[in-house]
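In what follows, chains carry the letters A, B, and so on, assigned in the order in which the sequence lines appear, proteins first and then strands, with residues in each chain numbered from 1. The structure displayed is predicted, hence computed values, not measured ones.
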Amino acid sequence: MSNFTITIEDIHAHISQAWEKLKENQPLTHCITNSVAANYVANILLAAGASPAMIDNPFEVEDFTKISSALSINTGTPTTEQTQAMLIAAKTANLHEKPWVLDPVGYGPILAWRSATVDQLLKYKPTIIRGNASEISNLAGNIVDSKGVDSTLNSAEVYAQAKILLESTSCVAISGESDFILSKEWNVIIQVNGGSYLQPKITATGCALGALIAAYTSVATPTIATIAAHVHFAIAGKLAAQKTQMIGQFYSAFLDEIFSLNIDKIQKYTDIKMIN
Amino acid sequence: MSNFTITIEDIHAHISQAWEKLKENQPLTHCITNSVAANYVANILLAAGASPAMIDNPFEVEDFTKISSALSINTGTPTTEQTQAMLIAAKTANLHEKPWVLDPVGYGPILAWRSATVDQLLKYKPTIIRGNASEISNLAGNIVDSKGVDSTLNSAEVYAQAKILLESTSCVAISGESDFILSKEWNVIIQVNGGSYLQPKITATGCALGALIAAYTSVATPTIATIAAHVHFAIAGKLAAQKTQMIGQFYSAFLDEIFSLNIDKIQKYTDIKMIN
Amino acid sequence: MSNFTITIEDIHAHISQAWEKLKENQPLTHCITNSVAANYVANILLAAGASPAMIDNPFEVEDFTKISSALSINTGTPTTEQTQAMLIAAKTANLHEKPWVLDPVGYGPILAWRSATVDQLLKYKPTIIRGNASEISNLAGNIVDSKGVDSTLNSAEVYAQAKILLESTSCVAISGESDFILSKEWNVIIQVNGGSYLQPKITATGCALGALIAAYTSVATPTIATIAAHVHFAIAGKLAAQKTQMIGQFYSAFLDEIFSLNIDKIQKYTDIKMIN
């Protein structure tokens with residue numbers, strides 16, 4: 001698919017640079033997220049070095065999106081007011097060229113109300129769309145029975161279909177056992193390995209990943225930002241699982257590892273593959 | 001009270017079977033819960049092996065209840081939209097014969113608005129009602145001064161009064177130092193011992209128990225489901241407290257023990273008593 | 001500034017007494033707080049010995065404020081209904097002479113909607129106002145560019161300006177590396193040292209501090225309550241950071257230390273200074 005030349009070493013260097021800038025800039029990351037995830041998303045962003053703010057009412061988002069470095073919208077538990085806020089924030093981000101991430105939680109025929117909101121949000125050209133395989137497949141026009149908000153599909157099955165979404169966005173990220181990132185910029189697919197089977201056993205890890213991508217977009221290109229956030233999560237998940245196989249302890253250990261990433265770990269544990 | 005014959009050994013076997021099926025089926029458990037508990041409820045269900053989904057807007061619950069395996073409704077922090085969602089979801093569950101659990105948090109004369117909602121919800125015949133002693137006593141028609149959403153009564157004082165609620169439901173569970181479960185099906189009261197004094201010092205453990213009962217209803221009869229969830233919690237609380245007496249560590253340890261239940265632990269630590 | 005005589009030893013004794021009474025009385029503390037913080041606030045209050053209740057709908061707060069021991073209002077993620085609830089609760093607290101704490105999260109020109117609510121809330125004479133330096137400075141009439149809901153100012157720069165707020169309240173607390181408490185009652189400023197640089201890396205610690213102040217107001221004068229809560233946090237943060245420098249573990253350790261405060265620790269670690 002690609003005639004673009006970038007080496008894995010280049011990508012390692014880009015990830016390291018993005019991570020350093022994130023720590024340095026502490027970008028104000030505006031999150032409109034769900035009630036299950038809000039606390040965890042804020043803690044993950046703080047641990048990574050970003051500065052989260054959960055402003056999700058329709059009366060303040062326009063002003064707030066303007067002063068933020070990046071925006072993350074997640075449709076996990078929408079209310080009428082929050083839905084209004086999402087639409088205003090996305091419109092504002094688009095108008096003021098702020099990078100923003102769309103995480104269309106639960107997109108599909110069963111959850112029709114939020115899905116209609118997502119359809120509207122797409123008009124405001126999200127910089128990056130991320131979701132699980134069922135959500136991305138549904139968004140790409142393939143009707144899939146998802147199991148609630150969890151995926152019943154494998155991400156590898158979906159990435160070919162997902163290309164059509166690059167009409168609306170610069171990057172599509174599909175999370176799963178391995179993650180797949182479709183980049184319009186580079187015209188490649190990047191596979192990110194790592195993490196742990198324990199990650200999906202903690203609620204809101206996907207939601208936090210979407211918000212972390214947004215934080216990275218303020219210090220890197222969309223493709224690098226998306227890769228950097230996924231690698232940050234993959235390394236943290238892998239190292240946390242080396243410390244414990246118990247879910248409660250893993251919850252703590254994962255936050256610890258998000259917090260204690262460094263250049264050495266990025267060099268040593270980044271596990272990505274280019275798919276052409 | 002009973003002329004039904006079931007041995008403690010039979011019950012142990014039923015609990016083990018229910019737990020195995022929960023792990024195997026990963027039932028999609030639809031939760032409408034409060035903003036304090038949402039994250040913890042989702043993590044407890046995931047740790048137990050169920051698949052939680054917090055869909056709580058009135059525009060999506062009808063469709064979602066239909067595809068879910070079970071429903072849990074908790075009135076901890078109701079909003080107008082969430083209240084509408086509760087009523088639609090309960091009606092749908094009743095119509096489509098989906099098992100559902102009602103956790104009437106705060107029911108009583110002080111919190112009149114939610115209590116009126118609970119009164120309406122009762123019309124849709126919850127499969128199981130669970131609450132603390134004050135809530136259940138109030139619901140049974142005895143006006144009790146509760147301390148906010150915590151109980152001022154002992155569960156043992158309440159279970160006799162609670163029988164009247166079996167007109168609206170198959171099972172009533174009253175949580176406290178020991179838990180008492182009234183079964184219409186078996187025409188007995190089951191006392192569940194175990195747990196730890198630290199459990200009520202973590203917010204939302206009761207809310208998570210209600211949701212776990214719902215998850216179990218999709219793989220067992222109402223009585224077995226209610227017993228299994230209470231025993232799951234009682235064993236986890238007991239074993240977590242053997243590891244630590246510190247509240248922050250207990251929080252983690254409790255999740256670990258919910259996650260690592262097994263047949264041996266069920267056999268060894270289940271502590272129930274039949275009261276006739 | 002002061003002609004009031006109180007020794008540091010007196011204050012230690014007052015803090016110890018307040019802490020003992022909190023454990024004994026388990027005051028019902030009514031919290032209207034944000035969706036990011038709700039779970040953590042409840043867990044901190046439970047760990048400290050108080051009894052939290054998050055009642056935040058406009059249909060129940062009047063009745064609930066009347067039976068509560070104290071009220072905490074936090075404007076982190078307001079909705080229309082929650083804003084109505086805040087106004088009713090503050091009015092009721094004022095009318096019935098219940099102590100209440102205002103935590104004007106995000107107050108400033110960017111977040112104009114909530115700031116207008118805060119302006120209205122001030123009419124109901126909060127017993128204590130607490131916030132970070134940017135919020136308090138903005139509230140005192142100095143327009144400050146805050147970084148979202150985090151502060152860009154140092155608390156020491158702000159306490160002189162903040163005196164004007166004593167027209168609306170008995171106490172103003174400004175949190176930061178050191179905390180500064182302005183007491184109208186004593187006509188002094190108290191500086192509280194301790195804590196850890198890790199505290200602001202966990203979301204909602206400030207929100208939990210506001211709620212803990214409220215809990216203490218039911219067992220002590222406004223000044224003692226404010227000092228006691230700040231010292232409780234400062235000691236917990238200091239001791240937790242002696243155990244771990246990792247953020248996930250610190251989260252647990254901080255709860256542990258809130259839970260395990262005792263008279264010896266209060267005597268040994270309280271680090272306050274009077275500024276006249």
Asker: Minimum heavy-atom separation for C:Leu255 and B:Gly248, please, with both atom names.
Answerer: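 Here C:Leu255 and B:Gly248 meet closest at CB-CA, 3.9 Å.
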Asker: In terms of heavy-atom contacts, does NZ of C:Lys21 have more than 12 from other residues, nucleotides or ligands at under 6.0 Å?
Answerer: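 Counting neighbours around NZ of C:Lys21, 12 or fewer heavy atoms of other residues, nucleotides or ligands fall under 6.0 Å, so no.
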Asker: Within a radius of less than 6.0 Å around NZ of B:Lys243, do more than 12 heavy atoms belonging to other residues, nucleotides or ligands occur?
Answerer: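 Atom NZ in B:Lys243 is packed in, count exceeds 12.
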Asker: Please tell me if the side chains of B:Thr203 and C:Asn39 come closer than 4.5 Å, counting only heavy atoms from C-beta onward.
Answerer: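 A side-chain contact under 4.5 Å exists here.
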Asker: Taking everything shown except C:Gln267 itself, do over 12 heavy atoms lie less than 6.0 Å from its CD?
Answerer: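 Count over threshold, so yes.
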Asker: Can you name the nearest heavy-atom pair linking C:Ala38 to B:Val36, along with the distance?
Answerer: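 In this case the closest contact between C:Ala38 and B:Val36 is O-CG1, 3.9 Å.
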Asker: What is the distance from atom CZ of C:Phe259 to atom CG of B:Leu198, rounded to the nearest 0.5 Å?
Answerer: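 Rounded to the nearest 0.5 Å, the CZ-CG separation comes to 5.5 Å.
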Asker: Given the options C:Ile258, C:Asp63, C:Asp256, C:Thr33, which has more heavy-atom pairs under 4.5 Å with chain B than any of the others?
Answerer: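 Top count of heavy-atom pairs under 4.5 Å with chain B: C:Asp256.
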Asker: Would you say the side chain of B:Ile110 lies within less than 4.5 Å of the side chain of C:Ile67, judging by non-hydrogen atoms?
Answerer: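 Side chain of C:Ile67 against side chain of B:Ile110, heavy atoms only: contact under 4.5 Å found.
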Asker: Tell me whether the count of non-hydrogen atoms from other residues, nucleotides or ligands lying under 6.0 Å of CD in C:Glu177 goes above 12.
Answerer: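 Atom CD in C:Glu177 is not crowded, with 12 or fewer foreign heavy atoms closer than 6.0 Å.
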Asker: Sort by residue number and list every member of residues 77-94 of chain C having a non-hydrogen atom under 4.5 Å from chain B.
Answerer: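 Within residues 77-94 of chain C, the residues that come under 4.5 Å of chain B (heavy atoms only) are C:Glu81.
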Asker: Which atoms form the tightest heavy-atom contact between B:Met246 and C:Ser260, and what is the distance?
Answerer: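 In this case the closest contact between B:Met246 and C:Ser260 is CE-OG, 3.6 Å.
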Asker: Under 4.5 Å between any side-chain heavy atoms of B:Arg114 and C:Asn57, yes or no?
Answerer: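 Yes, side chains in contact.
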